[in-house]
Each structure stands twice: as C-alpha cells, then as structure tokens.
Amino acid sequence: MKYTHEFEKLADGVIDYFSRNHGELSAKSKEVILKAIQESYDTGYEHGLMDGKEISDKPLSG
C-alpha cells in the first residue's frame with residue numbers, strides 16, 4: 001500500500017465532497033485544491049517548528 005501524505009488525504013476528502021455534490025471536477029480544479037491544501041499544511045507545519053514548542057505543550061482540546 002502506497003504511503004499517502006496527510007494533506008493528500010484531506011484533498012481527497014474535499015475533492016470527493018465537491019464531486020458528489022457538484023459533479024465531477026476538472027483535473028485543473030483537483031490540482032488547485034491539492035496545491036492549496038498542501039501549502040496550508042506546510043505553512044502550519046513550518047509555523048509549528050518555528051514557535052519552538054512541542055505540540056503536547058499546547059493541545060487543541062481542553
């Protein structure tokens with residue numbers, strides 16, 4: 001089984017949602033969605049590295 005990055009899983013979910021509710025998306029639309037999610041995912045990851053805190057030091061739930 002091929003490894004899938006987390007952002008690819010998220011993009012697949014978004015693409016699936018739009019395809020089911022609005023019809024099949026073009027290859028370009030799918031590419032734009034994938035790139036946008038990848039960029040936001042990478043930006044969040046980089047921000048997390050720069051703040052110098054462990055994720056366990058600032059949990060989301062709580």
Side-chain angles (χ1 to χ4, degrees):
M1 184 158 118
K2 169 187 164 236
Y3 172 76
T4 305
H5 291 284
E6 187 68 27
F7 70 86
E8 290 173 321
K9 293 177 187 175
L10 294 169
D12 287 345
V14 171
I15 291 167
D16 182 57
Y17 171 82
F18 280 109
S19 293
R20 281 187 285 117
N21 292 294
H22 302 287
E24 188 61 32
L25 298 174
S26 69
K28 184 64 176 174
S29 294
K30 291 177 184 179
E31 180 183 339
V32 167
I33 290 169
L34 178 64
K35 294 293 182 188
I37 291 176
Q38 179 182 10
E39 186 174 322
S40 65
Y41 189 86
D42 288 346
T43 300
Y45 181 77
E46 290 170 7
H47 177 71
L49 290 177
M50 291 187 322
D51 72 5
K53 296 179 183 175
E54 291 292 326
I55 195 163
S56 59
D57 293 340
K58 50 179 182 173
L60 295 176
S61 62

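All values below come from the heavy atoms of this structure, side chains included, with hydrogens, waters and symmetry mates left out.
- Separating the CG atom in Leu10 from the CD atom in Gln38 is a distance of 11.5 Å, to the nearest 0.5 Å.
- Taken to the nearest 0.5 Å, the CD atom of Glu8 stands 10.0 Å off from the CD1 atom of Ile15.
- Minimum heavy-atom separation, Phe18 to Leu25: CB-CD1, 3.9 Å.
- One finds the CG atom of Leu34 at 10.0 Å from the NE2 atom of His5 (value rounded to the nearest 0.5 Å).
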